[in-house]
Amino acid sequence: MKAIRVRAFGGPEVMQLEDLPDLHPGPKQAVVRVKAVGVNPTDTYTRAGTSRRPPLPYTPGIDAAGVVESVGEGFTAVGAGARVYLSGSVSGTYGEQALCEEHQVHPLPEKISFAQGGAINVPYVTAYRALFQLAKAKPGEFILVHGATGGVGIAAVQLARAAGMKVIGTGGSEKGRDLVIEQGAHHVLDHRAPNYLDQIQTLTGGRGVDVVLEMLANINLEKDLRILAMYGRIVVIGSRGRIEIDPRDTMVRDASISGMLLFNMTPQETAPIHLALFAGLENGTIRPVIREEISLAEAPRAHREVMEPGAYGKIILIA
Ligand SMILES: NC(=O)c1ccc[n+]([C@@H]2O[C@H](COP(=O)([O-])OP(=O)(O)OC[C@H]3O[C@@H](n4cnc5c(N)ncnc54)[C@H](OP(=O)(O)O)[C@@H]3O)[C@@H](O)[C@H]2O)c1
């Protein structure tokens, strides 16, 4: 089988398509014929060696979708031939095959394409955890998805709207902002415009937002604290540097800031989220948005693009 290999940490060009031996499942494992791979910013941090550093060489990737090719003894999640999406793998997902443990394989509803299947795990589990489990957002509350045009942001907009929340999203491009409204936000703001957060008071009738899901905390956290309603909650999902805040801004509102990392979650914690996502995929409240589909060999281009401004849903590699 062919797979992307990284032999040294570095820029996107360190990813090369190589021929590897076919994979075979051990006990309680499955081999999945990968059709589509979701590209996440975290794949680029690992490739650069700035976050997790797997032993070299390695095959990148967490998210994918495909068809179960073979199962080992005691693997009961699904049978050979099942359409599935993945939440990680033993082997890496940027390849034609992926070796998976049982908890990494989830059924994919018929009406969801493989490309959409590759866009489920990291974005939607992250958005679900931040919105429902950490912020404990409730119907009727104002939610600001600060960075709503990318993978996690679109997921958060769809989940919040379906749960009866009042959703305000932000985007840096006109095309991206149109998408945020299409996907269910009641209002959208331009996070590149000066003083764009001044509009929050008007949009919320002077109340402020109850919840901020923050994709770039090093730029926004200080401003987020000032637009919160009483008892407001901020969840830090993304941050790429340092920032200074005034802790008094939390005191005057009884506000809280929590952070999250998907990798901190156990399979026991993510399993119920995948069940909720399956229901949403079936009933149409969850609709992963694909910006472009490109070949596995073009993984370096995907890694450059995912870090550039102008997000519009997910970039997918077709295996
Ligand atoms: N904590 C976790 O476990 C976890 C899990 C998943 C992702 N993340 C992190 O969360 C972030 C978003 O992930 P993603 O998959 O959605 O990435 P993505 O698809 O690349 O989207 C990035 C988002 O950030 C927005 N953005 C850019 N400048 C911004 C600004 N000044 N203020 C607010 N938003 C801004 C982009 O908007 P425009 O392009 O429209 O400007 C876009 O909506 C990344 O940093 C990622 O590493 C963390």
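We use all heavy atoms of the structure for the numbers below, so side chains are in, but hydrogens, waters and symmetry mates are not. In each ligand, atom 1 is the first atom listed, and ligand 1 is the first ligand listed.
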K.L.:
Less than 4.0 Å between a side-chain N and a carboxylate O, is that true for Arg207 and Glu141?
P.N.:
no
K.L.:
Among Thr46, Thr126, Asp63, exactly one meets side-chain hydrogen bond (donor to acceptor under 3.5 Å, both in side chains) together with Asn40. Which residue is that?
P.N.:
Asp63
K.L.:
Checking the N or O distance criterion of under 3.5 Å, is ligand 1 in contact with Thr42?
P.N.:
no
K.L.:
Could you list the atoms of ligand 1 found under 4.0 angstrom from a heavy atom of Arg192?
P.N.:
28 (N), 38 (P), 41 (O)
K.L.:
Would you say Gly310 contacts ligand 1, with heavy atoms under 4.0 Å as the rule?
P.N.:
yes
K.L.:
Salt-bridge test for Arg226 and Glu222: reply yes if a basic N is under 4.0 Å from a carboxylate O, no otherwise.
P.N.:
yes
K.L.:
Specify the protein heavy atom at minimum distance from atom 15 (O) of ligand 1: its residue, its atom name, and the distance to 0.1 Å.
P.N.:
Pro41 CD, 3.4 Å
K.L.:
Whether the Ser87 and His106 side chains hold a donor-acceptor pair (N or O, under 3.5 Å, no angle test) is what I'd like checked.
P.N.:
yes
K.L.:
Would you mind listing which atoms of ligand 1 come within a distance below 4.0 Å of any non-hydrogen atom of Pro309?
P.N.:
39 (O)
K.L.:
Check each atom of ligand 1 against the heavy atoms of His146 and keep those under 4.0 Å away; list them by number with element.
P.N.:
33 (C), 34 (N)
K.L.:
Which ligand 1 atoms are under 4.0 Å away from a heavy-atom of Tyr45?
P.N.:
44 (C), 45 (O), 46 (C), 47 (O)
K.L.:
Any cation-pi pair here, Arg52 with Phe263, using under 6.0 Å and within 45°?
P.N.:
yes
K.L.:
Run the numbers for me: atoms of ligand 1, each under 4.0 Å from some heavy atom of Gly238, listed by number.
P.N.:
9 (C), 10 (O), 45 (O)
K.L.:
Measure the distance from atom 27 (C) of ligand 1 to every protein heavy atom, then report the residue, atom name and distance (to 0.1 Å) of the closest one.
P.N.:
His191 NE2, 3.8 Å
K.L.:
As a check for students: among Ala127, Ala130, Gly169, Gly147, identify the option with a heavy atom nearest to atom 34 (N) of ligand 1.
P.N.:
Gly147
K.L.:
Side chains of His274 and Tyr124: donor-acceptor distance under 3.5 Å anywhere?
P.N.:
no
K.L.:
Between Tyr94 and Asp43, is a side-chain hydrogen bond (donor to acceptor under 3.5 Å, both in side chains) present by the stated rule, with each step listed?
P.N.:
CA-CA 10 Å; Tyr94 285 29; Asp43 302 344; 2.7 Å; yes
K.L.:
Provide the closest heavy-atom pair for Ala302 versus Val39 in the form atom of the first, atom of the second, distance.
P.N.:
CB-CG2, 4.0 Å
K.L.:
Regarding Arg83 and the six-membered ring of Phe114, is the cationic atom NZ or CZ under 6.0 Å from the ring centre and inside 45° of its axis?
P.N.:
yes
K.L.:
Which residue owns the protein heavy atom closest to atom 21 (O) of ligand 1, what's the atom, and how far is it?
P.N.:
Gly150 CA, 3.5 Å
K.L.:
If you have a sec, work out which protein heavy atom is nearest atom 36 (C) of ligand 1 and how many Å separate them, to one decimal?
P.N.:
Thr149 OG1, 3.7 Å
K.L.:
Tell me the nearest of Ile237, Ile315, Val125 to atom 2 (C) of ligand 1, using heavy-atom distances.
P.N.:
Ile237
K.L.:
Need the ligand 1 atom indices (1-based, order shown) with element for anything under 4.0 Å from a heavy-atom of Gly172.
P.N.:
38 (P), 40 (O), 41 (O)
K.L.:
Less than 6.0 angstrom separating the ring centers of Tyr128 and Phe132, yes or no?
P.N.:
yes
K.L.:
Can you confirm whether His191 sits close enough to Leu197 that some side-chain heavy atom of one is under 4.5 Å from a side-chain heavy atom of the other?
P.N.:
no
K.L.:
Taking the non-hydrogen atoms of Arg240, is any one of them nearer than 4.0 angstrom to ligand 1?
P.N.:
yes
K.L.:
Could you tell me the residue and atom name of the protein heavy atom closest to atom 12 (C) of ligand 1, and the distance to it rounded to 0.1 Å?
P.N.:
Met215 SD, 3.9 Å
K.L.:
Looking at ligand 1, does any of its N/O atoms fall within less than 3.5 Å of an N/O of Val122?
P.N.:
no
K.L.:
Side-chain contact test, heavy atoms from C-beta onward, threshold under 4.5 Å: evaluate it for Glu18 versus Arg7 and give yes or no.
P.N.:
yes
K.L.:
Would a distance-only check, ignoring hydrogens and angles, find a side-chain to backbone donor-acceptor pair under 3.5 Å from Glu214 to Leu216?
P.N.:
yes
K.L.:
Any N/O of Val306 closer than 3.5 Å to an N/O of ligand 1?
P.N.:
yes
K.L.:
Give the atom numbers and elements of ligand 1 that come within less than 4.0 Å of a heavy atom of Leu262.
P.N.:
2 (C), 3 (O)
K.L.:
For the residue pair Lys314 and Pro288, establish whether any side-chain heavy-atom pair is separated by less than 4.5 Å.
P.N.:
no
K.L.:
Which atoms of ligand 1 have any heavy atom of Ala148 under 4.0 Å away?
P.N.:
43 (O)
K.L.:
Can an N or O of Gly151 be found at a distance shorter than 3.5 Å from an N or O of ligand 1?
P.N.:
yes
K.L.:
Should Glu298 and Arg301 count as an ion pair when the cut-off is N to O under 4.0 Å?
P.N.:
yes
K.L.:
With side-chain contact (heavy atoms from CB on, under 4.5 Å) as the test, pick out the partner of Thr170 among Leu144, Thr149, Asn220, Asp190.
P.N.:
Leu144
K.L.:
Ignoring angles and geometry beyond distance, decide whether Ala311 reaches within less than 3.5 Å of ligand 1 through its nitrogen or oxygen atoms.
P.N.:
yes
K.L.:
Answer yes or no for Gly176: is there a heavy-atom contact with ligand 1 below 4.0 Å?
P.N.:
no
K.L.:
Would you say atom 48 (C) of ligand 1 has a protein heavy atom nearer than 4.0 Å?
P.N.:
yes
K.L.:
Geometry only, no angles: is Val236 polar-contacting ligand 1 at N/O separations under 3.5 Å?
P.N.:
no
K.L.:
Which residue owns the protein heavy atom closest to atom 5 (C) of ligand 1, what's the atom, and how far is it?
P.N.:
Thr126 OG1, 3.3 Å
K.L.:
Which protein non-hydrogen atom lies closest to atom 31 (N) of ligand 1, naming both residue and atom, and how far is it?
P.N.:
Leu216 CD2, 3.8 Å
K.L.:
So, Arg129 and Glu269, do they make that salt bridge, N to O below 4.0 Å?
P.N.:
no
K.L.:
Is there a heavy atom of Glu308 sitting under 4.0 angstrom from any atom of ligand 1?
P.N.:
no
K.L.:
Just need the protein heavy atom nearest to atom 13 (O) of ligand 1, so name the residue and atom and give the distance.
P.N.:
Val152 CG2, 3.8 Å
